[in-house]
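Have a look at the structure below, then the notes.
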Amino acid sequence: MRIAVIEGDGVGPEVTGSAIRVLKAAAVRYGLTIDLQYVEAGDGALRKYGEALPSKYWPIIESSDAILKGPVGESAGEVVVKLRRGFDLYANIRPARNYPGVRAVKDGVDLVIVRENTEDVYVRAEYMLSNDVAVALRVITRRASERIARVAFNLAMGRRRRVTIVHKANVLTVSDGLFRDTVREVARNYPGVTVNEMYIDAAVMDLVRRPQDFDVIVTTNLYGDILSDLAAYVTGSIGLAPSANIGDNKALFEPIHGAAFDIAGKGIANPTAMMLSTAWMLRWYGERTGSSSYLTAGDAINNAVIKVLSQGIHTPDMGGNCSTESFTQEVIKFI
């Protein structure tokens with residue numbers, strides 16, 4: 001398996017380094033063939049090359065099976081949006097769940113946010129009409145809405161069979177109206193799935209008030225970005241939340257948290273989300289290739305992380321005093 005690795009900025013190199021150590025331990029334990037190709041991207045690359053994602057690295061990424069990406073700083077839009085749109089990684093899947101031993105705002109939470117990943121205001125088409133007026137273009141298409149809806153409903157079929165469509169079609173009647181109507185059309189092909197709708201403001205409120213009632217949320221790019229950060233907080237820490245950006249031919253795996261420059265270099269960053277993203281990457285590859293060893297290794301990393309969390313071994317963001325290094329060592333012990 002060939003993996004393009006982007007360490008990122010801030011705490012990125014620290015949490016990515018921890019995840020790579022865990023990956024290497026799993027590779028030895030389960031006989032995986034792993035080829036790591038490092039790619040410079042982010043704020044550091046922008047200063048060094050004048051490009052946040054230097055074009056010389058694009059062939060390396062193209063030839064990889066998957067991308068493992070750490071958090072990027074101020075140039076995040078120039079890196080991750082370019083990757084998502086360049087490789088058509090249209091499905092951003094962001095689970096949020098409670099973990100044993102981790103104190104959370106609410107218990108009983110097990111939801112997945114399915115976020116359209118290539119459109120909305122994240123096409124980054126912004127213009128200054130004058131010195132005093134800025135305009136951003138919002139793009140919503142039927143094609144993108146259809147395929148993200150199918151991802152959400154297929155996912156729901158293997159879970160509790162409930163999908164919540166989140167939009168703001170009462171105000172954005174054209175763009176959100178198209179998204180809502182398209183998802184409704186796809187829903188007709190899944191009679192066994194219960195469908196309801198919520199406006200984004202109500203969804204934010206209920207994600208805090210009763211998050212346990214959600215199963216699968218399908219929404220547009222910007223709303224999904226906001227909801228997933230909130231869902232991670234509700235379940236204990238944004239440092240717990242992995243994510244996958246999946247296309248038909250490639251996938252990118254990353255934590256949803258940012259570069260956290262305020263704690264960079266202090267050795268206290270939470271590597272959980274990066275480790276869980278790595279585990280997810282191995283399972284995704286195993287499913288694509290039919291290789292049971294990658295599936296087993298992915299499960300082993302996932303289970304080791306949960307075991308460590310359940311024992312109360314926590315970094316400061318979760319109320320503990322464990323260092324990044326100590327947490328990593330504990331996870332490796334259980335693989």
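- The backbone N or O of D213 lies less than 3.5 Å from a partner atom in the side chain of R162, making a donor-acceptor pair.
- Contact annotation: the side chain of I263 never approaches that of D317 to less than 4.5 Å [non-hydrogen atoms, C-beta and beyond].
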Working for side-chain contact (heavy atoms from CB on, under 4.5 Å), residues F87 and I61: CA-CA 10 Å; F87 292 107; I61 302 171; 3.4 Å; yes
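- Counting heavy atoms from C-beta outward, N117 and Y122 have side chains that stay 4.5 Å or more apart.
- Between the side chain of R115 and the backbone N or O of N221, at least one donor-acceptor pair lies under 3.5 Å.
- Taking every heavy atom of both residues into account, C322 and F327 meet most closely at SG-N, 3.4 Å.
- For the 3.5 Å distance criterion, the side chains of N98 and T235 fail to qualify, holding no donor opposite an acceptor.
- Listed by first and then second residue, the side chain to side chain donor-acceptor pair (under 3.5 Å) pairs that reach into residues 292-310 are S291-S293, sequence neighbours excluded.
- Once rounded to the nearest 0.5 Å, the distance linking CZ of R94 with CD1 of I113 reads 8.0 Å.
- Applying the salt bridge (Lys or Arg N to Asp or Glu O under 4.0 Å) criterion to R84, with sequence neighbours excluded, gives E254.
- Under the ring-ring contact (aromatic ring centres under 6.0 Å, His included) criterion, F153 pairs with Y190, sequence neighbours left out.
- Atom OG1 of T141 and atom CZ of R147 lie 7.5 Å apart (nearest 0.5 Å).
- Between L252 and I6 there is no side-chain heavy-atom pair separated by less than 4.5 Å.
- By the ring-ring contact (aromatic ring centres under 6.0 Å, His included) test, Y57 pairs with no residue at all, sequence neighbours left out.
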Evaluation steps, side-chain hydrogen bond (donor to acceptor under 3.5 Å, both in side chains), between D132 and S130: CA-CA 5 Å; D132 302 311; S130 71; 4.8 Å; no
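- Residues R288 and D65 have side chains not in contact (no heavy-atom distance under 4.5 Å, counting atoms from C-beta outward).
- Looking at I20 and Y38, their side chains come closer than 4.5 Å, going by heavy atoms from C-beta outward.
- Here the side chain of D110 pairs no donor or acceptor atom with the backbone of Q212 at under 3.5 angstrom.
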side-chain contact (heavy atoms from CB on, under 4.5 Å) between E185 and R142, worked out: CA-CA 11 Å; E185 291 168 10; R142 185 178 303 278; 3.5 Å; yes
Salt bridge (Lys or Arg N to Asp or Glu O under 4.0 Å) assessment of E51 paired with K56: CA-CA 10 Å; E51 297 177 273; K56 71 174 187 174; over 6 Å; no
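- When side chains are defined from C-beta on, T194 does not count as touching N196, because their heavy atoms never get closer than 4.5 Å.
- A pairwise comparison of heavy atoms in V39 and A4 identifies CG2-CB, 4.3 Å as the closest pair.
- Partners of D248 under the salt bridge (Lys or Arg N to Asp or Glu O under 4.0 Å) rule, at least two apart in sequence or in another chain, do not exist in this structure.
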Residues H167, T220; criterion side-chain contact (heavy atoms from CB on, under 4.5 Å); working and verdict: CA-CA 7 Å; H167 58 80; T220 55; over 6 Å; no
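- Under the side chain to side chain donor-acceptor pair (under 3.5 Å) test applied with K168, the options T173, D201, D176 reduce to a single match, D201.
- Side chain of S277 to backbone of F253: no donor-acceptor contact under 3.5 angstrom is found.
- Atom CH2 of residue W284 and atom NZ of residue K250 lie 7.5 Å apart, to the nearest 0.5 angstrom.
- Nearest heavy atom pair, residue P255 against residue A273, reads CB-CB, 3.5 Å.
- Residues R138 and L222 form no side-chain contact, since every pair of their non-hydrogen atoms from C-beta on lies 4.5 Å or further apart.
- Listed here is the closest heavy atom pair of V72 and S75: CG1-OG, 3.6 Å.
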Worked check of side-chain contact (heavy atoms from CB on, under 4.5 Å) between M275 and V308: CA-CA 12 Å; M275 291 178 182; V308 171; over 6 Å; no
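- Screening residues 4-20 for side chain to side chain donor-acceptor pair (under 3.5 Å), with sequence neighbours left out, gives S18-T328.
- Listed for the H257 side chain is no donor-acceptor partner under 3.5 Å among the backbone atoms of S237.
- Contact check for T219 versus T164: no side-chain heavy atoms found under the 4.5 Å cut-off.
- In terms of heavy atoms, I306 sits closest to P100 at CG2-CG, 3.7 Å.
- Here E146 does not pair with R143 in a salt bridge; the nearest charged N to carboxylate O distance is not below 4.0 Å.
- Rounded to the nearest 0.5 angstrom, T182 OG1 and I140 CD1 are separated by 9.5 Å.
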